[in-house]
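Some notes on the structure that comes next.
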Number of protein chains: 2
Amino acid sequence: MSDPLPTIREHDLNGTTYTIGELAKEFDITTRAIRFYEDEGLISPVRIGSKRLYRRRDRARLKLILRGKRLGFTLAEIRETFNLYDEAHGEAHQLRYYLSVLEEKRQHLIRQREDLEETLRELDHSYAHCEQLLAQQEQHKVKDHGTAAASRQARPSPAATRMED
Amino acid sequence: MSDPLPTIREHDLNGTTYTIGELAKEFDITTRAIRFYEDEGLISPVRIGSKRLYRRRDRARLKLILRGKRLGFTLAEIRETFNLYDEAHGEAHQLRYYLSVLEEKRQHLIRQREDLEETLRELDHSYAHCEQLLAQQEQHKVKDHGTAAASRQARPSPAATRMED
DNA sequence: TTTACCGTTTACGTCCACGTCAACTATTTT
DNA sequence: AAAATAGTTGACGTGGACGTAAACGGTAAA
């Protein structure tokens with residue numbers, strides 16, 4: 001008689017491990033998504049019987065996948081990054097190629113950062129302008145103390161044309 | 001007899017104008033994309049006969065659309081932003097709502113900026129580590145002066161496990 | 001033992017952001 | 001007049017990233 005199959009929890013594989021459900025909960029994604037990433041070659045969990053068991057490395061990659069997605073990278077791009085990383089520990093010309101890819105990626109990210117800063121600046125302007133409008137309306141309310149209808153049809157403010165630049 | 005229809009270029013509408021092709025070239029997108037943005041309610045060019053004529057405002061919006069896309073926003077989100085902006089110049093409660101949406105957006109962008117900075121940091125580390133590996137290989141080449149085969153099978157470097165965290 | 005949960009695979013559906021014809025018109029150039 | 005160029009409206013196709021449903025297996029608690 002063979003030993004009974006150990007449950008997934010009794011496996012340790014010297015290190016922390018996770019079930020698919022745990023990871024799904026932790027990162028607030030569906031198990032379907034996690035399996036999909038595996039189909040796309042982005043993660044390779046160990047199998048215990050038919051079940052997937054995720055190790056620290058898998059969790060780290062999942063994190064990178066999600067961050068990459070938030071930055072707008074496609075799964076294919078993320079996979080490429082992983083593959084490159086995995087293969088770049090050998091020959092010099094591989095390392096050089098890896099360097100060039102990193103440089104490209106940096107350009108992309110820096111462009112994106114500029115877009116982001118610019119958007120944040122404009123957002124701040126809108127925010128300030130909006131608060132100013134509100135403050136003016138308060139002023140009028142105080143002056144008119146009650147006849148608020150006067151300020152309903154607000155004149156177009158100078159800053160209202162900002163989007164036309 | 002009626003005057004002949006003025007050509008699209010003779011129209012000025014007091015201000016700079018653009019044809020669809022000009023904008024497509026300037027922003028390096030297809031005319032199909034521009035028309036699609038119109039179908040989705042993001043731009044509203046003037047019509048001269050059957051042709052579209054784009055004004056400064058349209059061009060500005062196109063710019064915003066593309067920047068939004070680079071930051072990963074969907075067209076629906078961008079449209080919402082535009083609509084909100086257009087309608088936020090009236091009542092106080094609209095202004096307040098607009099403020100809350102802006103605040104949300106700011107949160108999103110700041111989170112994204114953190115992702116971005118973190119990615120840039122890791123990228124810099126990879127870059128540095130990569131250069132260091134290359135430098136080591138150069139060292140060996142000098143020592144062995146010629147018998148480069150010795151360093152082909154590089155031992156796994158300590159930093160090679162970084163992705164496992 | 002039955003019920004309740006994970007977990008698995010396979011297959012098809014969906015939404016988004018366009019690309020790709022096709023068939024046509026209007027203007028400009030040769 | 002003919003050809004090239006730029007524009008127009010449909011309609012259908014596509015690739016990416018999953019969602020959803022079906023049908024099933026294993027383990028854990030009641």
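Because the structure is a prediction, the values reported are computed rather than measured. Just the heavy atoms: all of them, side chains too, but no hydrogens, waters or symmetry mates, feed the values below.
Residue B:Leu53 contributes atom CG, which lies 13 Å from atom C1' of D:dG7 at whole-angstrom precision. Atom C1' of nucleotide D:dA17 and atom CD1 of A:Ile34 are separated by 14 Å, given to the nearest angstrom. Residue A:Glu40 contributes atom CD, which lies 8 Å from atom C1' of D:dA17 at whole-angstrom precision. With rounding to whole Å, A:Asp28 atom CG is found 13 Å from D:dC18 atom P. In this structure, the CD1 atom of B:Ile65 is 10 Å from the P atom of C:dC18, given to the nearest Å. Remark: C1' of D:dA11 and CG of B:Asp39 are 13 Å apart, rounded to the nearest angstrom. Going from atom CG of A:Leu62 over to atom P of D:dA17 covers 15 Å, rounded to whole Å. D:dT9 atom C1' lies 15 Å from atom CZ of B:Phe36, rounded to whole Å.
Over its full length, the helix from C:dT1-D:dA30 to C:dT30-D:dA1 turns its helical axis through 0°, comparing axes from the five pairs at each end and rounding to 10°.
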Apply the test salt bridge (Lys or Arg N to Asp or Glu O under 4.0 Å) to residues B:Arg111 and B:Asp115: give CA-CA distance (whole Å), side-chain angles for both, the deciding distance (0.1 Å), then the verdict. CA-CA 6 Å; B:Arg111 204 279 167 75; B:Asp115 282 334; 3.6 Å; yes
Before you tell me yes or no, could you show the steps for A:Arg67 and B:Glu122 under salt bridge (Lys or Arg N to Asp or Glu O under 4.0 Å), namely the whole-Å CA-CA distance, both residues' side-chain angles and the distance that decides it to 0.1 Å? CA-CA 12 Å; A:Arg67 205 169 65 196; B:Glu122 290 179 6; 2.8 Å; yes
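The shortest side-chain heavy-atom distance between B:Glu131 and A:Leu95 does not fall under the 4.5 Å cut-off. Counting heavy atoms from C-beta outward, A:Leu109 and A:Arg113 have side chains that stay 4.5 Å or more apart. With a 4.5 Å cut-off on side-chain heavy atoms, A:Tyr18 and A:Arg55 do not count as touching. Using a 4.5 Å heavy-atom cutoff, the side chains of A:Ile20 and A:Arg35 are in contact.
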Kindly give the atom pairs (protein nitrogen or oxygen, nucleotide nitrogen or oxygen) under 3.5 Å for nucleotides 3-7 of chain C.
unit_1	atom_1	unit_2	atom_2	d
C:dG7	OP1	A:Thr19	OG1	3.1
C:dG7	OP1	A:Gly21	N	3.3
C:dG7	OP2	A:Gly21	N	3.2

Pull out every protein N or O sitting under 3.5 Å from an N or O of nucleotides 19-24 of chain C, one pair per line with the distance.
unit_1	atom_1	unit_2	atom_2	d
C:dG19	OP2	B:Thr30	OG1	2.6
C:dG19	N7	B:Arg32	NE	3.4
C:dG19	O6	B:Arg32	NH2	3.1
C:dT20	O4	B:Arg32	NE	2.9

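When the ring pair (Phe, Tyr, Trp, His ring centres under 6.0 Å) test is applied to A:Phe73, the partners found at least two apart in sequence or on another chain are A:His108. For A:Arg106, the salt bridge (charged side-chain N to carboxylate O under 4.0 Å, His left out) partners are A:Glu103, B:Asp124, not counting sequence neighbours.
Taking side-chain N and O atoms only, A:Tyr37 has a distance below 4.0 Å to OP1 or OP2 of D:dC18.
The cationic atom of B:Arg61 (NZ for Lys, CZ for Arg) lies less than 6.0 Å from the six-membered ring centre of B:Phe82 and within 45° of the ring axis.
Contact record, A:Leu75 with A:Glu40: CD1-CG, 4.5 Å, taken as the closest heavy-atom pair. Smallest separation of non-hydrogen atoms from B:Gln137 and A:Ala92: OE1-CB, 3.3 Å. Looking at every heavy atom in both residues, A:Glu38 comes nearest to A:Ile43 through CG-O, 3.5 Å.
The stretch residues 67-76 of chain B touches DNA chain C through B:Lys69, B:Thr74, B:Leu75, each having a heavy atom within less than 4.0 Å of the strand.
Ring planes of A:Tyr85 and A:Tyr98: perpendicular class, angle over 60° (limits at 30 and 60°).
Exactly one of A:Ile65, A:Leu42, A:Asp58, A:Ile29 qualifies for a side-chain contact (heavy atoms from CB on, under 4.5 Å) with A:Ile34. That residue is A:Ile29.
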